[in-house]
Amino acid sequence: MTKYQLIYEELKKAILRREIAPNQLLPSEKALTIKYNVSRITAKHALNQLVADDLIYRIKGKGSFVKLHGTSSLKSILLVLPFSSNNELGNYVLGIQHMLKNTTWNLLSMTNEDFRHLSYQQIAKNYAGVIYYPLELAKEFPHVLELYQQGLPLVLLDKALPNSVIPSVVSDNVGGGYLAGQYLQDIGKKRLVFYSNTNFWESFTGPVADRFMGFIKACRLQKMPLKPLKTTKLLYEKEGMDLVTYLSDNRVDGIVAENDIVAYRILNLLLPAKIQVPDQIAIVGFDNLPLTAMSSPPLSSIGQDFFTLGEQAVNLLLQQINDPQAIVDRNLVVDVKLSRR
């Protein structure tokens, strides 16, 4: 991050988090040059960008001031997750709490099931905005769309709709699928499959479909003995020893699992069958949950940056809260990382 970006991001964060009140004077260009050890041109560039973002205004001879935007007196942000505990989903909360630290904002949470029973009036009365993790977006979308149309500040977490105007923050699932497939080839695996408990092929949308597409991208230039989509559909129908038998009979030596929970279940099927992991069959999961490092043997996994996902979701939400007239429709994609084990 350049010095200009650092100044810009820190001031922007302080404004959106309401650490700096509306109409309050910002540090001068001179003060910024001293604090950040930069040139006056760099400091001015950062302030000009805040003006362009409609976050501050300038008065000649007096300085730069925070622009008044949202007038809501509500201080609570709602995080909606499929389960009361988010451990299986990854810890987005740490990033959200970090963004809200030392501010007047409160973070509350509830499950998708409880949320769907609330009307717009009930939500708008108690919450300034909502960060929403869809469990089944196709089914939940009508309710979410209705809330968005009525002006509720809203951000989707983990899932995004094509051409949707609702802002979202997602991991680079296509990139993750590619990393997983490429890694298995790099360690000499040739008969690869993608295993999913989700029948994503009905719509080819969502994180699992994206991971599969990344896997296809990694394998497309290789002469893959097993047809990826056909094999994935066949594996979807198999459980327990039927799955183990299929993998053995087809000499599968590498598996990309849709997530770490699925990868761990496969591991616990292979070990009693005396199949060595990763020597005979290597497994790569997604999410880099603690269980992948603690399992025996440990499993490689594509790690999502849950902290950054949470931070960016709050950033998009606060932009809407602070400027209700703004159209915030960005789909932010956060990089993933392969943990080799």
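We count residues from 1, following the sequence as given.
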Mind checking whether [X] and [Y] sit in one hydrophobic cluster, side chains of I, L, V, M, F, W, Y counted as touching below 4.5 Å?
X	Y	answer
L145	L147	yes
L108	L94	no
Y8	L55	yes
L135	I123	no
L26	L6	yes

Quiz item: side-chain hydrogen bond (donor to acceptor under 3.5 Å, both in side chains) with N173: which of K159, R211, Q304?
Solution: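 The single option meeting the side-chain hydrogen bond (donor to acceptor under 3.5 Å, both in side chains) with N173 is R211.
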
Are any side-chain N or O atoms of [X] and backbone N or O atoms of [Y], one a donor and one an acceptor, separated by less than 3.5 Å?
X	Y	value
N250	V252	no
N331	P167	no
E258	T198	yes
S295	T292	yes
Q5	T2	yes
N37	T33	no
Q320	L316	yes

Does the side chain of [X] reach to within under 4.5 Å of the side chain of [Y], using non-hydrogen atoms?
X	Y	result
L50	Y57	no
P297	L271	yes
V130	I77	no
P82	T111	no
S196	F212	no
T42	S39	yes
P278	I283	no
V170	L332	no

Please indicate whether [X] has more than 12 foreign heavy atoms, meaning atoms of other residues, nucleotides or ligands, lying under 6.0 Å from its [atom1].
X	atom1	answer
R330	CZ	no
I41	CD1	no
K189	NZ	yes
N268	CG	yes

Look up atom [atom1] in [X] and atom [atom2] in [Y], then write down how far apart they are to the nearest 0.5 Å.
X	Y	atom1	atom2	result
L338	N288	CG	CG	9.0 Å
I131	D158	CD1	CG	13.0 Å
S119	Q150	OG	CD	8.5 Å
I255	L192	CD1	CG	10.0 Å
I20	L11	CD1	CG	6.0 Å
S64	I59	OG	CD1	9.5 Å

So which atom in [X] and which in [Y] form the shortest heavy-atom distance, rounded to 0.1 Å?
X	Y	result
I56	L47	CD1-O, 3.5 Å
A43	L32	CB-CB, 3.9 Å
K274	Q280	O-OE1, 3.6 Å
E10	Y36	OE1-OH, 2.5 Å
L226	R191	CD2-NH2, 3.7 Å
G285	A263	CA-CB, 4.0 Å

Quiz prompt | Distance-only side-chain donor-acceptor flag, T308 / E311, under 3.5 Å | solution =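 No, E311 and T308 have no side-chain donor paired with an acceptor closer than 3.5 Å.
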
Practice problem: Begin from the C-alpha positions of Q182 and D186 and carry the test side-chain hydrogen bond (donor to acceptor under 3.5 Å, both in side chains) through to its verdict. | Solution: CA-CA 6 Å; Q182 190 61 56; D186 289 345; 3.2 Å; yes

Self-check item: side chain to side chain contact (heavy atoms under 4.5 Å, CB included) evaluation trace for V284 with L184
Solution: CA-CA 8 Å; V284 182; L184 290 174; 3.8 Å; yes

Show me the donor-acceptor pairs within less than 3.5 Å that the side chains of residues 230-244 make with the rest of the protein, sequence neighbours left out.
from, atom 1, to, atom 2, distance (Å)
T231, OG1, K227, O, 2.7
T232, OG1, F194, O, 2.9
T232, OG1, P228, O, 2.8

Practice problem: Taking the six-membered ring for Trp and the single ring otherwise, decide whether the centroids of Y178 and F215 are under 6.0 Å apart. | Solution: no

Quiz item: Taking the six-membered ring for Trp, are Y132 and F115 ring centroids under 6.0 Å apart?
Solution: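 Ring centres of F115 and Y132 closer than 6.0 Å.
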
Exercise. Enumerate the residue pairs fulfilling salt bridge (Lys or Arg N to Asp or Glu O under 4.0 Å) with a member in residues 56-66, sequence neighbours excluded, ordered by first and then second residue.
Key: E29-R58

Quiz item: Please, which pairs that meet salt bridge (Lys or Arg N to Asp or Glu O under 4.0 Å) have at least one residue in residues 114-140, sequence neighbours excluded?
Solution: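 Those involving residues 114-140 are E113-R116, E136-K139.
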
Quiz item: Of the options N259, L291, L289, which is the one that meets Y264 in a side chain to side chain contact (heavy atoms under 4.5 Å, CB included)?
Solution: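 Going through N259, L291, L289 one by one, the side chain to side chain contact (heavy atoms under 4.5 Å, CB included) with Y264 is satisfied by L291 alone.
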
Practice problem: Could you check M110 against Y127 for side chain to side chain contact (heavy atoms under 4.5 Å, CB included), going step by step and ending with a plain yes or no? | Solution: CA-CA 12 Å; M110 70 171 58; Y127 310 105; 3.7 Å; yes

Practice problem: Report the C-alpha separation of V314 and L100 in whole Å, then their side-chain angles, then the decisive distance to 0.1 Å, and conclude whether the side chain to side chain contact (heavy atoms under 4.5 Å, CB included) test is met. | Solution: CA-CA 8 Å; V314 173; L100 301 180; 3.8 Å; yes

Quiz item: Stepwise, does the side chain to side chain contact (heavy atoms under 4.5 Å, CB included) test hold for L157 with F306?
Solution: CA-CA 10 Å; L157 188 59; F306 296 112; over 6 Å; no

Exercise. Kindly assign one of parallel, tilted or perpendicular to the pair F307 and H98, based on the angle between their ring planes and the thresholds 30° and 60°.
Key: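 Taking H98 first and then F307, their aromatic rings sit tilted (interplane angle of 30° to 60°).
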
